[in-house]
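Numbering of residues begins at 1 and proceeds along the displayed sequence. Both backbone and side-chain heavy atoms feed into the values below; hydrogens, waters and symmetry mates do not.
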Amino acid sequence: MTVAFADGTIESTARTLDFADDLLDGLHASWEPVPTPVGTFQLVPVRLDRDLPLVHAWMNDPAVAEFWELAGPRHRTADHLRAQLDGDGRSLPCLGVLDGTPMSYWEIYRADLDPLALHCPVLPHDTGIHLLLGAAGDRGRGLGSALLRAVADLVLDRRPACARVVAEPDHRNTPSLAAFLGAGFRYAAEVDLPGKRAALMIRDRVLRDVL
């Protein structure tokens, strides 16, 4: 796939991406473009020098900032991304590219190695998802559900030790909850996390062909 990035560069993603993330089983190397009901989709690991302006702009959208709480100067977004990029590989920030255009931001992370594990029961190799859709016009029309299902399927396909894909959106974020439900996740519980009360959403491997 050829991708047109926010800085005007055009790159092919048909290559091996240089990112060390053994804790996610080298998952990024398997993220080739996949067909979805809304177009051809691919996750591309964030590159700070190229993608910071775009992700920073999304984080300062009031609808996003209400729940991500990363609005403010560019260095705040940079610090958030750098903590993952320079970490041990337990969390991978990505752009979601739909039909060649970056349009969403994703974090794929090891939920069992995340602070989430201190607040609710998780299983070994549970894999978590954070998602934001960048443009207001992409929200509320089913894109989230279609892309969440595609990414959850990819995780389950590429990580055989992972029995569940999980997420913990703010329990007040009804559009996000609806997107996860539409993607085959189930509403498992409400949990108190630092800074928010979250809805624990789970997509079980054993139920993936049912929900």
Indicate the atoms forming the closest heavy-atom contact of [X] with [Y], along with that distance.
X: A199; Y: L177; answer: CB-CD2, 3.6 Å
X: C120; Y: V191; answer: CB-CG1, 3.7 Å
X: L211; Y: R203; answer: O-NH2, 4.1 Å
X: V165; Y: A152; answer: CG2-O, 4.0 Å
X: G182; Y: R149; answer: O-NH2, 3.3 Å
X: R164; Y: V122; answer: NH2-CA, 3.6 Å

In this structure, is the centre-to-centre distance between the rings of Y105 and W68 below 6.0 Å? yes
Listed partners of R139 passing salt bridge (Lys or Arg N to Asp or Glu O under 4.0 Å), at least two apart: D61
Test item: [X] side-chain N/O and [Y] main-chain N/O as donor-acceptor pair under 3.5 Å:
X: R205; Y: C162; result: yes
X: R172; Y: F67; result: no
X: H56; Y: G72; result: yes
X: D99; Y: T40; result: yes
X: R74; Y: P53; result: no
X: D88; Y: R90; result: yes
X: N173; Y: P169; result: no
X: S145; Y: A179; result: yes
X: R159; Y: H125; result: yes

Given the rule that I, L, V, M, F, W and Y join up when any side-chain heavy atoms are under 4.5 Å apart, are [X] and [Y] in one cluster?
X: L48; Y: V44; answer: yes
X: L154; Y: L143; answer: yes
X: Y109; Y: L43; answer: no
X: W106; Y: F185; answer: yes
X: M201; Y: L156; answer: yes

Salt bridge check, [Y] against [X]: does any charged N sit closer than 4.0 Å to a carboxylate O?
X: K196; Y: E168; answer: yes
X: D170; Y: R197; answer: no
X: R76; Y: D79; answer: no
X: D153; Y: R208; answer: yes

For a 4.5 angstrom cut-off between non-hydrogen side-chain atoms, does [X] reach [Y]?
X: H75; Y: H80; result: no
X: P102; Y: L54; result: yes
X: D192; Y: H119; result: no
X: F180; Y: V166; result: no

Could you walk me through whether L200 and E190 pass the side-chain contact (heavy atoms from CB on, under 4.5 Å) check? CA-CA 6 Å; L200 179 62; E190 287 192 7; over 6 Å; no
Could you walk me through whether W31 and L92 pass the side-chain contact (heavy atoms from CB on, under 4.5 Å) check? CA-CA 12 Å; W31 282 341; L92 177 62; 3.1 Å; yes
Could you check M103 against L147 for side-chain contact (heavy atoms from CB on, under 4.5 Å), going step by step and ending with a plain yes or no? CA-CA 11 Å; M103 47 72 68; L147 300 183; 3.8 Å; yes
Taking atom [atom1] of [X] and atom [atom2] of [Y], what is their separation to the nearest 0.5 Å?
X: Q84; Y: I108; atom1: CD; atom2: CD1; result: 10.0 Å
X: F41; Y: L98; atom1: CZ; atom2: CG; result: 7.0 Å
X: L95; Y: R47; atom1: CG; atom2: CZ; result: 10.5 Å
X: L133; Y: S104; atom1: CG; atom2: OG; result: 6.0 Å
X: L27; Y: D22; atom1: CG; atom2: CG; result: 12.0 Å
X: T77; Y: N60; atom1: OG1; atom2: CG; result: 6.0 Å

Can you list the steps and then say if L123 with D112 is a side-chain contact (heavy atoms from CB on, under 4.5 Å)? CA-CA 6 Å; L123 301 178; D112 58 329; over 6 Å; no
Side chain to side chain contact (heavy atoms under 4.5 Å, CB included), paired with V155, selected from T127, L24, D25: T127
